[in-house]
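In what follows, chains carry the letters A, B, and so on, assigned in the order in which the sequence lines appear, proteins first and then strands, with residues in each chain numbered from 1.
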Amino acid sequence: MPATEGNARGDRPDEARYAPQEIETKWAEKWVANPALYAAEPFDSGKQKYYVLEMLPYPSGALHMGHVRNYSIGDALARYMWMNGYNVLHPMGWDSFGLPAENAAIKNKRPPREWTLNNIANMKAQMKRLGFGYDWSKEVTTCLPEYYRWNQWFFLKLFEKGLAYRKKSKVNWCPECATVLANEQVVGGCCWRHETTPVEQRELEQWFVRTTQYADELLQGIEQLDGWPEKVRTMQRNWIGRSEGALVDFKLDGAAGAGGDTITVFTTRIDTIFGATSVQLAPEHPVTADLIGDDALKLAKLEEMLADQRKAKEIGDIGALEKRGFFTGRYAINPFNGEQVPVWVANYILMDYGTGAIMSVPAHDERDYEFAKKFDLEIRVVVLPRRESEPPAAGEREQPILPFSGEDSLLINSGEFNGLSCEQAQQKMAALAEEKGFGKATVTYRLKDWGISRQRYWGTPIPMVYCEKDGVAPVPESELPVLLPESVDITLAGGSPLGRVPEFVNTKCPKCGGPATRETDTMDTFVDSSWYFYRYTSPIDTAPFDSATANYWFAIDQYIGGVEHAILHLIYSRFWTKFMRDLGLIKNDEPATRLFTQGMVIKDGAKMSKSLGNVVSPDDMVAKYGADATRMYTLFAAPPDRDLDWQDAGVEGISRFLSRVYRYVLKNAKPSEANWNAAIPTELSPVARRVQRKLHQTIRRVSDDFGGRWHFNTSIAAIMELVNELYGAEERAKGELPLALLADVQKKLVLLLAPFAPYLAHELWAMLGEDADTLLRHAWPKYDSALAKEDEIEIVVQINGKVRTRLVVAADADETTVREAALNEEKIKTAMEGKQIVKVIVVLGKLVNIVVR
RNA sequence: GCCGGGAUGGCGAAACUGGCAGACGCAGCGGACUUAAAAUCCGCAGGUCCGAAAGGACUGUGGGGGUUCGAUUCCCCCUCCCGGCACCA
């Protein structure tokens, strides 16, 4: 091929081409040099505050498209609020403790700290290149002592208030992570980080945070969170799983064992207790072992049952397990009627819900019914459905279809409680149980206390000391932080790595001064993210944050992140907020008034992942199309709450659009001409008027989107329409637009673009003769409804709902005018020939529908 | 099984309170510019059928039914996809 490079870029001179790399790097440098641009003002600035927050990333090494989407939404909002005159806090930080750093350290033989800080540097550079407007003076890095010392401080406060405690219990263990997991971190029986690794149960001594203390308030609070997605609220309600019921003690006949002489059952239907024909224990229930003793046959059955359960848990299919059980040979006494009922062990009873024991009422519970049918246990009806047409006449009524679990019903076969409604019986029976001391009304939660101990190195050391003489003792506040030692052997081989560092482990007891050892577990990293957004407001040395400053900024006005944190992070941080409020540090009850969960970024129908090889790198996109185009595409391709299907060609389209805007302004920016800043003439040509109308309609649409549904895809489409109108006007009017209008429309176009394509907006703002350094503080354009109004509108004329013709009428034409105009249309007349008009419906501004027969 | 969300051209999507289905963009086709191409600009475009064309007819928002002058939108039933929960007593 002959060399024709001289013409490779066409005849157009180079400066007429949109060159995002040059524009963007130029402005990025300016922004780095002037951090005040994106800095929050002091809390006494007198301005209305707006706190916009995106979830902080884990510094894995590089940003992915999900981050870009998340931060593009937040940045657009922050810029919009700045332009609306708010004092905006828009911070960023690093959730930088955690396992991947340790794994990378093992692999690369470099300390986790180094790996982490390198990643942070890289990702921060990416963020700056992408042009996100963060207040870096507020940056929080959770793996640094200036941050984690406050985790330790909070831990001491929790301990002091009885909200942190140590307990030996069955805990979730991920063999891959070689550490314990909280309940929230177990997904379908597997580790949330290793989705195919089944979680094992281990008996370990662990630190717990008493989240259940606030269970009721966490549940109640959801009602007030009307700025949160309904989906998240439902998930949290389900997770907390409040259930009202009663505890009832069944005394064992005969000798008591290590597990005591009583089986306490939890039931939500104490009203059915006269129908209890057995007591069922969870296989792991402490009494189970007592009752079995050394009976080899029963032990074998129990073992089989446990193995079964383990397997089902691994597959994540507990619900589908076939019901199994066996009679222990012992009996327990129903305190309400003194009856002896057999005690069974059953695999459908969960040890970690309620008390791990139930009374079985086959007639009124589906699962009990199924079990009783299989093992031929007695089924006794004690509740009859109430029929409205017929007054109750117990005894004469037919059997309900079993199992019957309705509550609009009456008790029978229940001694002194016969004839009561279920609700009445529930209250009376619970009261009687309490009075006689064999039970009481109670509330159970599915929510468990938060196990925060982790047997890993790269986390916050738990500030506790063990002394042979004084037992468990907290490290005094004055000795904080307990520093995480450097250069530690962090192989995955059993036990906490900190336990292999004698200088760390061996210490003095704060009480007696004698030799003592430190706690070697570290904290779950969800502790870090439970309160990081408070520290953003004032990262100081003397406290986790300054209360006065936090009280100005809180609650967060808009929190934006992925829905995958609906339970984990968002429950923990709500708990932490309530705890800090009760400490007197803050006044707000909830961390964020509004929450937005953006959709995933997918490609070829699947979530982007290395294993599928469908990952699109933000760096590549920025290098090819620029940051503005990359960011804007993530906003344009789908509404932000829906999943986004990535298409490279789509970014190219946005790039083309930005280039179109650039070329238009390059050609039409004439700030040095005399009439540039003149008033816009009131009399405009039709072409000019169309442009002006479109401009005001566009301002309205974009402003409405920010204030409402956040459908930035339609905002951007509206701006595209405006630009198309401008090009169309150029064709039609050949430069006839008044200069003042041209100036006005271009300036406002640039302002509308500023939240979505900040680099280009700044470049064009300068080209229009304005001070680009103050663009972010320039007032958001306002629309004029009079100017946005159409003079004439097209009305559709239908006959029996089918469009027959269209006609143009004045926008303010009244109903009679429109009706007559429609009926006088030639096409309508011919179409109606021989037909009779039944009705004419006129919808002003829309259509006329003529109903004929 | 239960609770959410979704299904609209070849593709991403739009239609906000029932009122022109498919805005905007991608891919496609045609034209202009060019020796040619790229870039750019202008135009066409749901489907089927009739027509040389202008134009017209029918049909169309996962499927079936209903309410209404009128339904992508409201109601009932069903199918499929995605997410969450799942023996919670």
Pairing check on [N]: which nucleotide meets the Watson-Crick or G-U wobble criteria with it, both distances under 3.5 Å?
{"N": "B:C2", "value": "B:G84"}
{"N": "B:U67", "value": "none"}
{"N": "B:G30", "value": "B:C42"}
{"N": "B:A14", "value": "none"}
{"N": "B:A57", "value": "B:U48"}
{"N": "B:U35", "value": "none"}
{"N": "B:U79", "value": "B:A7"}

Handout entry: Given B:A89, B:U40, B:C58, the nucleotide with the shortest approach to the side chain of A:K802
Key =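 Nearest to the side-chain atoms of A:K802, counting from C-beta on, is B:C58.
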
d([atom1], [X]; [atom2], [N]) in whole Å:
{"X": "A:L753", "N": "B:C24", "atom1": "CG", "atom2": "C1'", "answer": "15 Å"}
{"X": "A:N347", "N": "B:A89", "atom1": "CG", "atom2": "C1'", "answer": "14 Å"}
{"X": "A:Y18", "N": "B:A39", "atom1": "OH", "atom2": "P", "answer": "17 Å"}
{"X": "A:D352", "N": "B:C87", "atom1": "CG", "atom2": "C1'", "answer": "12 Å"}
{"X": "A:K667", "N": "B:U40", "atom1": "NZ", "atom2": "C1'", "answer": "12 Å"}
{"X": "A:M235", "N": "B:C85", "atom1": "CE", "atom2": "C1'", "answer": "8 Å"}
{"X": "A:Q697", "N": "B:A23", "atom1": "CD", "atom2": "C1'", "answer": "13 Å"}
{"X": "A:W239", "N": "B:C85", "atom1": "CH2", "atom2": "P", "answer": "7 Å"}

Handout entry: Residues A:E244 and A:R242 bridged, charged N to O under 4.0 Å
Key =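 Salt bridge: yes.
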
Exercise for the section: Run the salt-bridge test on A:E230 and A:R233 with the 4.0 Å N-O cut-off and return the result as yes or no. Expected result: yes

Could you work out the separation of [N] and [M] based on their [atom1] atoms and round it to a whole Å?
{"N": "B:A39", "M": "B:G28", "atom1": "P", "value": "10 Å"}
{"N": "B:G62", "M": "B:G12", "atom1": "P", "value": "14 Å"}
{"N": "B:A71", "M": "B:G63", "atom1": "P", "value": "15 Å"}
{"N": "B:A27", "M": "B:A38", "atom1": "P", "value": "13 Å"}
{"N": "B:G64", "M": "B:U8", "atom1": "P", "value": "16 Å"}
{"N": "B:A45", "M": "B:G9", "atom1": "C1'", "value": "10 Å"}
{"N": "B:C3", "M": "B:C76", "atom1": "P", "value": "13 Å"}
{"N": "B:C80", "M": "B:C42", "atom1": "C1'", "value": "43 Å"}

Go through the side-chain N and O atoms of [X] and [Y] and say whether any donor and acceptor fall under 3.5 Å apart.
{"X": "A:T262", "Y": "A:D249", "answer": "no"}
{"X": "A:D226", "Y": "A:W228", "answer": "no"}
{"X": "A:R574", "Y": "A:Q236", "answer": "yes"}
{"X": "A:S360", "Y": "A:D365", "answer": "no"}

Fill in the blank from the handout: Checking A:R690, A:Q697, A:K694 against A:E725 for side chain to side chain donor-acceptor pair (under 3.5 Å), the one that qualifies is A:R690

Practice task
Would you indicate, yes or no, if B:C41 has its OP1 or OP2 atom less than 4.0 angstrom from a side-chain nitrogen or oxygen of A:R663?
Solution key: yes

Practice task
Check whether any side-chain N or O of A:N724 sits under 4.0 Å from OP1 or OP2 of B:G25, and answer yes or no.
Solution key: yes

Exercise for the section: List the steps and the verdict of side chain to side chain contact (heavy atoms under 4.5 Å, CB included) for A:F657 and A:S659. Expected result: CA-CA 5 Å; A:F657 165 69; A:S659 165; over 6 Å; no

For [X], answer base if it contacts any base atom (sugar-phosphate contacts may also be present), sugar-phosphate if it contacts only those atoms, and nothing otherwise; contact means non-hydrogen atoms under 4.0 Å.
{"X": "A:D368", "value": "nothing"}
{"X": "A:R804", "value": "sugar-phosphate"}
{"X": "A:E794", "value": "base"}
{"X": "A:I349", "value": "base"}
{"X": "A:V851", "value": "sugar-phosphate"}

Handout entry: RNA chain B contacts among residues 653-661 of chain A, heavy-atom distance under 4.0 Å
Key = A:G653, A:R656, A:R660

Exercise for the section: Let me see the working for A:R693 and A:E790 under side chain to side chain contact (heavy atoms under 4.5 Å, CB included), right down to the final yes or no. Expected result: CA-CA 7 Å; A:R693 185 185 301 121; A:E790 302 282 352; 3.3 Å; yes

Handout entry: Minimum side-chain heavy-atom gap A:D368-A:Y348 below 4.5 Å
Key =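 Result yes, sub-4.5 Å side-chain heavy-atom pair found.
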
Practice task
Find out whether A:L749 and A:Y664 are in side-chain contact, i.e. whether some heavy atom of one side chain is under 4.5 Å from a heavy atom of the other.
Solution key: no

Exercise for the section: Can you check whether any acceptor in the base of B:C3 is under 3.5 Å from a donor in the side chain of A:K231, or vice versa? Expected result: no

Practice task
Name the orientation of the base relative to the sugar in B:G9: syn if the glycosidic angle is within 90° of 0, else anti.
Solution key: syn

Completion exercise
Between A:T234 and A:N800, the residue closer to the 5' end of RNA chain B by nearest nucleotide is A:T234

Handout entry: Residue whose nearest RNA chain B nucleotide is more 5′ - A:G650 or A:G354
Key = A:G650

Exercise for the section: Please name the pair of heavy atoms, one in A:S243 and one in A:T268, separated by the smallest distance, quoted to 0.1 Å. Expected result: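 Minimum heavy-atom contact is OG-CG2, 3.4 Å.
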
Completion exercise
Nucleotide by nucleotide, nucleotides 11-19 of chain B touches protein heavy atoms under 4.0 Å in the pattern (B base, S sugar-phosphate only, - none) SBSSSS--B

Practice task
Just say parallel, tilted or perpendicular for the rings of A:F438 and A:F336, cut-offs at 30° and 60°.
Solution key: perpendicular

